[in-house]
Protein chains: 2
Amino acid sequence: MRLTRAGEYGIRCVQHLARHGKGALVSRKEIAVRTDVPPHFLAKIAQQLARAGIIEIQQGANGGYRLLRDPSEITLLAVIEAIIGGISLNDCVGRPESCHNSPLCTVHRVWNKANRQLRATLQEADFATLAKEDSCCLTPCPETAGHNGSIEKK
Amino acid sequence: MRLTRAGEYGIRCVQHLARHGKGALVSRKEIAVRTDVPPHFLAKIAQQLARAGIIEIQQGANGGYRLLRDPSEITLLAVIEAIIGGISLNDCVGRPESCHNSPLCTVHRVWNKANRQLRATLQEADFATLAKEDSCCLTPCPETAGHNGSIEKK
DNA sequence: CGATATAAGACTAAAAATATCTCATATATC
DNA sequence: GATATATGAGATATTTTTAGTCTTATATCG
Ligand code: SF4
Ligand code: SF4
């Protein structure tokens, strides 16, 4: 009944990328350091995000990751499900056939309802909105600065 | 992000007991067979339910388990949390100190909200209501019969 | 080409879930 | 009270999942 570490890391990764905006290239190393995720682990997670069409991976020297969509178009739900697969609070939610009683089971219906609610809540949260208030970035991020009270640029 | 087997089994156990009503003694073996739970595993789960004050265990010959409260007073949430501990969708929900960023983190707030909703939904579901419509019992249960279309008793 | 950075998947280690076993304890019945 | 029966409680074993690392291959820059 908890998010896996990979899922949490995936969110941090997208959140960090979102601070740089759509299309900006950020190296794996920078993301790993800033979000406190083991670099090799991040690589695996990034692959899943890429397969889901959320980020693009650029190989080679000076490579890195970039967001393919605008932060406002990316929801928490999309990121989580890209990494841990479909959310289902109980086995019988995702695979009703796993319990032959599911067609009759009233508990099953409660789980279905709870699952729908959970997904809805996670879908409401997009990364543009999340970034507005503050961020999940674990250490201050110079590139994105300017939110330290005074606007210095220009 | 899923209910453990133990949690699911605990729910089945309470649901079966609920069909017999508050205070009725049902043997561990019967519950195990009817709900398709390994008997020894059920024993461990029952201990947790007993510690939580949901059931009472009677030892000795012709022993078994009985509900301490009325089914209408027992919620899904209570049973689940008795067995798998407090529900928390992400580590930082249950233990905010596990991530030093939680006071600032907007994602954290989404998790908190989702967690509250989930708990609320599970708390709304009590076993009296759940039993009204149909049941989770995996095999027909003679003692509780009478819902097979015709009323035969008397 | 050579240096750098990621790809992709194999591999390992650790943790958690699931189930079982053993010995102890309580109760009914004789 | 003795015996049979049924559960208590914790230890143990097995399996599955999670978390993290490592190795070899590939892409890009200069
Ligand atoms: S008994 Fe009901 S809640 Fe439990 S697994 Fe089967 S369908 Fe789902
Ligand atoms: S970064 Fe935010 S969501 Fe992630 S663990 Fe920390 S507080 Fe929770």
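In the text below, chain A, chain B and the rest are named by the order of the sequence lines, each starting its count at 1. Atoms considered below: every heavy atom in the structure, side chains included; atoms not considered: hydrogens, waters and symmetry mates.
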> Measuring only between side-chain heavy atoms, which start at C-beta, is Val110(B) closer than 4.5 Å to Glu124(A)?
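No, their side chains stay 4.5 Å or more apart.
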> Side chains of Phe127(A) and Thr75(A): closer than 4.5 Å at any heavy-atom pair?
no
> Measure the shortest side-chain to side-chain distance between Gln15(A) and Thr35(A) over non-hydrogen atoms and say whether it is less than 4.5 angstrom.
no
> Side chain of Asn62(B), heavy atoms from C-beta onward: which of dT4(C), dA26(C), dA28(C) has the nearest atom to it?
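So the nucleotide nearest the side chain must be dA28(C).
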> Remember a base hit wins even if backbone is also touched, and classify Gln58(A) as base, sugar-phosphate or nothing at under 4.0 Å, heavy atoms.
sugar-phosphate
> With side chains defined as the heavy atoms from C-beta onward, is the minimum distance between Leu3(A) and Ile11(A) less than 4.5 Å?
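Side-chain contact under 4.5 Å: yes.
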> Does a side-chain N or O of Arg28(B) approach OP1 or OP2 of dA6(D) to a distance below 4.0 Å, or not?
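False: Arg28(B) side-chain N/O out of range (4.0 Å or more) of dA6(D) OP1/OP2.
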> Return a single string for nucleotides 11-22 of chain C, one symbol per nucleotide in 5' to 3' order, where B is base contact, S is sugar-phosphate-only contact and - is none, cutoff 4.0 angstrom on heavy atoms.
------SSBBB-
> Of the nucleotides dC29(D), dA28(C), dT7(D), which has the atom closest to the Ala61(A) side chain?
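Of the candidates, dC29(D) comes closest.
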> Write down the distance between CG (Leu49(B)) and P (dG8(D)), rounded to a whole number of angstrom.
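Atom CG in Leu49(B) sits about 11 Å away from atom P in dG8(D).
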> Test of understanding: with side chain to side chain donor-acceptor pair (under 3.5 Å), list the residues that count as partners of Asp70(B), not counting sequence neighbours.
Ser72(B)
> Per the atom types in the model, does the base of dA5(C) pair as donor or acceptor with the side chain of Gln59(A) at under 3.5 Å?
no
> So do the side chains of Leu49(A) and Tyr65(A) get within less than 4.5 Å of each other, counting heavy atoms only?
no
